[in-house]
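What follows is a short report on a single structure.
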Amino acid sequence: MTSERRKPYPFDQIEPKWQKIWDERQSFHALNPGEKNFDSKKPKFYVLDMFPYPSGAGLHVGHPEGYTATDIIARYKRMRGFNVLHPMGWDAFGLPAEQYAIKTGQHPAITTRENVASFKAQLKRIGFSYDWQREINTTDPGYYKWTQWIFLKIYNSWFNPKTNKAEPISTFHGEDPDSVRLAYVADVAVNWCPELGTVLANEEVVDGKSEVGGFPVVRRPMRQWMLRITAYAERLINELDELDWPEGIKLLQQNWIGRSEGAEINFVVAGTGGPGYRIHVFTTRPDTLYGATYMVLAPEHSLVDRIVTEEQWPAVREYRERTARKSDLERSELSKEKTGVFTGAFAINPANEETIPIWIADYVLLGYGTGAIQAVPAHDERDLEFARKFDLPIREVVKPPGGEDPIGFVGDGVAINSPIIDGLQSREAIRKITSWLEERGLGKRAINYKLRDWLFSRQRYWGEPFPIAWENGKHRSLGENELPVVPPPLEDYKPTGTGEPPLAKAKDWVRYSDKATRELNVMPQWAGSCWYYLRFCDPQNKERFVGEEAERYWMGSSPVTRHSSLESTPGGVDLYVGGTEHAVLHLLYARFWHKVLFDLGYLSKPEPFQRLVNQGIILGEDSQKMSKSRGNIVNPDDVIGQYGADAFRCYEMFMGPLEQMKPWSMHGVEGVARFLARVWRLIMTEDQAGQWQLSAALKDAEPTKAQNKILHATIKKVTEDIESLSFNTAISQMMIFVNAFTNAETIPVSAMRTFLVLLNPFAPHISSELWEKLKSPGDITGQAWPSYDQKFLVEDEVEIVIQVNGKVRDRMMMSISASDEEVKAAVLANPKNAELIAGKTIRKLVVVPKKLVNIVVA
RNA sequence: GCCGAUGUGGCGAAAUGGCAGACGCAACGGACUUAAAAUCCGUUGGGCUUUAAACGGCCCGUGCCGGUUCGAGUCCGGCCAUCGGCACCA
């Protein structure tokens with residue numbers, strides 16, 4: 001015999017069998033409204049996974065964690081009578097395929113096709129109930145045609161501040177529509193990564209290095225496409241309120257958007273007076289205006305050139321060049337020590353007409369606020385550090401409430417040395433000085449956001465080309481009838497190294513017409529994932545990015561979930577599960593696109609995802625992050641080969657709470673596999689010849705009272721636990737059920753059938769097979785979810801715990817119907833208790849009905 | 001530095017303010033077996049104690065310190081540790 005271990009039950013036969021049946025019957029295909037046999041009486045449920053990038057490395061055990069959770073929900077909801085949309089697809093544009101193409105010359109489309117095929121095979125092997133007829137791929141021209149189409153909608157829109165929403169550009173009546181488009185071109189200092197030969201978004205840069213590959217990143221001005229996501233900052237914050245997302249994720253987005261309320265104040269450059277010589281600063285603390293003893297402009301600020309004095313020019317020029325050369329990494333590394341240079345110019349403080357020096361320093365960022373600040377060293381840590389280093393004056397203008405040292409105090413207190421607002425609390429002082437400034441035209445109330453516009457172009461090959469042509473230095477959109485814009489075939493995918501995109505190499509393709517050339521940049525990987533959940537509703541539609549009726553149905557209101565108190569929820573997808581790594585980027589970008597399309601009237605809801613759940617990371621057996629270098633990666637194929645897909649699924653869920661980070665354990669898989677084998681042997685026994693036969697203990701008998709109790713307790717617990725995504729405890733309860741029936745002389749078939757239905761979402765293969773073996777009617781996936789009967793759960797008697805001063809001393813059985821008074825009397829009559837409380841005074845007697853009595857004595 | 005999450009046996013974990021450790025793993029003991037695997041049954045937080053042995057009895061125990069309460073893993077205040085996010089955002 002080889003070392004091949006005998007399988008505890010024949011999962012290696014039944015799992016492929018049922019997967020094939022589901023495929024052939026298309027058991028999980030969801031019909032759209034208007035299709036034949038569509039049942040409009042059923043409520044809808046849209047349960048979505050974050051679709052994967054099909055990498056060459058294949059699936060690891062982290063992917064199927066969330067996928068298993070959603071699959072359980074999908075199967076459960078179907079049994080509860082919902083029309084369930086549960087799709088899967090591929091986020092297949094992106095760097096790895098392109099890098100691979102550079103190395104091997106193989107077209108990314110080929111690698112992508114191969115990787116998708118192996119990912120799909122792996123997912124099918126786990127038995128997920130995806131509707132594969134709805135499979136989509138972001139690199140499919142039939143898909144990215146609509147990604148480009150949405151870009152055109154964004155390009156041809158502007159954000160009308162009066163209506164607070166996006167409108168077609170034709171409704172804009174200003175001089176230059178190009179200045180307000182939601183997609184625009186700007187020369188911006190971008191994160192240029194020489195190694196990758198491309199520009200990266202802020203979010204793709206970690207600690208001054210590229211997130212992919214860890215290469216150094218430097219700042220460099222380039223002409224780039226930007227999306228005006230900042231126009232939506234307010235709505236992106238406010239409309240989080242009614243979403244059922246983890247509070248932590250909402251907070252992450254709020255902080256990312258970073259709303260600050262304050263004032264914009266105008267300073268005039270001394271000795272000039274012209275309107276072109278005003279410095280606008282943003283501050284959250286206008287009440288400290290009297291404490292401003294100098295000003296700082298960002299080194300790149302446009303006013304610097306015009307105000308620097310003759311003798312300061314060399315120093316300023318030298319400083320600017322030095323900061324421009326700094327990479328992000330250097331800027332943050334050197335941030336401990338403040339640097340800066342005096343411009344030689346002075347400004348006038350509008351509050352007291354005082355003349356204060358103007359400096360430049362790289363601790364003031366061009367991209368935030370107005371790129372200029374009033375420096376109040378007494379009440380701002382950074383200004384204080386700077387003032388101390390360069391020996392600038394420090395003036396206290398806020399008195400701390402607790403009598404702390406006012407120097408460096410940044411909290412709220414009472415205004416001092418500030419004639420207009422002296423004696424006022426900070427909050428009140430802010431209000432007063434802001435109106436004072438407003439009345440005199442010296443400033444105004446203002447709100448600022450940390451959020452920047454979205455850098456939307458990449459100098460790469462493997463992405464969606466822009467549907468844009470250039471003529472005489474001006475951009476214009478291509479017609480919708482020209483979509484999709486397909487990237488040209490290339491022999492050489494390598495970056496040009498100059499910052500010019502690889503598409504420049506396709507000379508014929510680039511020439512759009514005699515006069516016009518094509519845009520050479522491609523879109524970032526986020527583009528395809530910004531709207532894929534919409535395409536799933538109607539993936540084959542050739543006329544529209546999503547059919548109106550399909551969108552209204554799947555992205556519309558579903559019966560109110562318990563997580564929301566609202567009549568109608570703002571989000572369309574009922575449950576979205578994925579990793580926290582997308583907490584800000586993908587989820588913010590998708591919300592932004594969704595809102596634009598909603599404003600333009602293409603969608604029925606203002607938010608894409610009503611309920612979001614983040615699955616926790618799965619660590620290796622050594623409790624370390626899984627990684628190639630640690631050699632602790634667990635491959636699902638190995639686990640399934642040894643224990644079966646059902647055991648794999650159940651273990652993924654049994655490990656612990658879904659949201660929690662937890663380590664993998666092969667022993668744990670074994671335990672769950674044993675549980676499934678026990679389920680099998682509850683119904684099947686092996687005869688002399690080694691054949692599986694129906695167990696002799698199976699009878700068409702009524703369950704005993706005890707059996708009914710545990711059966712109904714299991715129905716109750718499993719149902720409630722699935723609803724709350726507490727899959728681990730649902731499985732525990734099913735284990736308790738199986739333990740109770742193991743060794744039972746009589747196993748009622750009816751109880752087993754009910755149990756198999758409960759088990760089905762978790763372990764669909766074994767439950768399907770046993771359902772069939774029991775000659776049960778129909779297919780198990782078409783069964784109705786069982787409900788429990790309270791009458792089986794109630795007992796005649798309950799155990800009452802007796803405590804003395806909070807400590808358990810005894811327990812006794814009491815009738816369920818006993819009144820508090822009867823319980824008290826019985827407890828006091830109990831001889832053992834009498835002994836315990838002998839010689840003491842009873843101070844109090846606490847009775848918790850059906851549970852406990854606490855005798856408080858002294 | 002700021003924000004957030006987490007902290008319970010040897011391990012993964014469970015517990016509407018009411019018996020801490022369900023369920024699983026590991027370990028140990030037993031049954032079955034020529035033997036092993038598999039399977040089934042049992043023990044298993046720590047300490048003390050009664051007893052010939054067993055049953056039992058008592059005390060301590062949910063990161064640390066304090067509070068509220070008849071009663072706290074759970075609520076409140078303060079700390080510590082680990083992980084994640086942000087980080088010159090004026």
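Just so you know, these numbers come straight off a predicted model, no measurement behind them. Reminder, nothing fancy here: chain letters follow the sequence lines and each chain counts from 1.
Using bins of under 30°, 30° to 60° and over 60° for the plane-to-plane angle, the ring pair A:Phe11/A:Tyr9 lands in the perpendicular bin. A perpendicular orientation is assigned to the rings of A:Trp664 and A:Tyr651, their planes being inclined by more than 60° (bins at 30° and 60°). Ring-plane geometry between A:Trp359 and A:Phe386 is classed as perpendicular, the angle between the planes exceeding 60 degrees on a 0 to 90 degree scale with a lower cut at 30.
Within the nucleic acid shown, A:Pro657 comes within 4.0 Å of sugar-phosphate atoms alone, with no base atom in reach, counting heavy atoms only. No contact: A:Asn805 has no heavy atom under 4.0 Å from any strand. If you check every strand for non-hydrogen atoms under 4.0 Å, A:Gln660 touches sugar and phosphate atoms only. Using a 4.0 Å heavy-atom criterion, one finds that A:Ser260 contacts the sugar-phosphate atoms exclusively. When heavy atoms are screened at a 4.0 angstrom cut-off, A:Gln733 is found touching no nucleic acid atom at all. The residue A:Gly671 sits close only to the backbone: its heavy atoms come under 4.0 Å of sugar-phosphate atoms, none of a base. A:Arg843 comes within 4.0 angstrom of no nucleic acid atom, judged by non-hydrogen atoms across all strands. Residue-level contact check: A:Ile736 touches the backbone only, with heavy atoms under 4.0 Å from sugar-phosphate atoms and none from bases. Residue A:Asn728 is in sugar-phosphate contact alone, with no base atom involved, counting any heavy-atom pair closer than 4.0 Å across all strands shown. Within 4.0 Å (heavy atoms only), A:Met661 reaches sugar-phosphate atoms of the nucleic acid but no base atom. When heavy atoms are screened at a 4.0 angstrom cut-off, A:Arg809 is found touching the sugar-phosphate backbone but no base atom. Across all strands shown, A:Ser665 has no heavy atoms under 4.0 Å from either base or sugar-phosphate atoms. Residue contacts shown for A:Asn739 are limited to sugar-phosphate atoms, with no base heavy atom under 4.0 Å away.
Using atom P as the reference point in both B:G12 and B:G17, the two lie 25 Å apart (nearest Å). Taking atom P on both B:A90 and B:A5, the two are 23 Å apart, rounded to the nearest angstrom.
Note: NZ (A:Lys625) to C1' (B:U82) measures 13 Å, nearest angstrom. One interatomic measurement links the two molecules: CD of A:Gln624 to C1' of B:C83, which rounds to 12 Å at whole-angstrom precision. Whole-Å rounding puts the A:Leu384 CG to B:A90 C1' distance at 14 Å. Atom CD in A:Glu65 sits about 13 Å away from atom C1' in B:G12, given to the nearest Å. Look at CD1 on A:Ile802: it is 21 Å from P on B:C70, rounded to the nearest Å. Atom CG of A:Leu852 is separated from atom P of B:G18 by 10 Å (rounded to the nearest Å).
Closest contact between the side chain of A:Lys450 and the listed nucleotides B:G85, B:C86, B:C70 involves B:C86. Picking from B:G12, B:A90, B:U16 the nucleotide with the shortest atom distance to the side chain of A:Thr283 gives B:A90. In the set B:C86, B:C83, B:C19, the nucleotide with an atom closest to the side chain of A:Val808 is B:C19.
Pair check for B:G7 finds B:C80; Watson-Crick or G-U wobble, both atom distances under 3.5 Å. Taking a pair to require two hydrogen-bonding distances under 3.5 Å in either a Watson-Crick or a G-U wobble arrangement, B:U39 pairs with B:A31. With a 3.5 Å ceiling on both atom-pair distances, B:U74 lacks any Watson-Crick or G-U wobble partner. B:U69 is unpaired under the criterion used here, namely a Watson-Crick or G-U wobble arrangement in which both key atom distances are under 3.5 Å.
Between A:Arg681 and A:Glu686, none of the side-chain N atoms (NZ, or NE/NH1/NH2) sits under 4.0 Å from a carboxylate O, so this pair counts as no salt bridge. With respect to A:Asp622 and A:Arg630, no salt bridge is recorded, no charged nitrogen being found less than 4.0 Å from a carboxylate O.
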List the steps and the verdict of salt bridge (Lys or Arg N to Asp or Glu O under 4.0 Å) for A:Arg445 and A:Glu261.
CA-CA 8 Å; A:Arg445 222 183 130 246; A:Glu261 241 173 272; 3.2 Å; yes

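With the nearest nucleotide of RNA chain B identified for both A:Val801 and A:Thr370, A:Val801 has the one nearer the 5' end.
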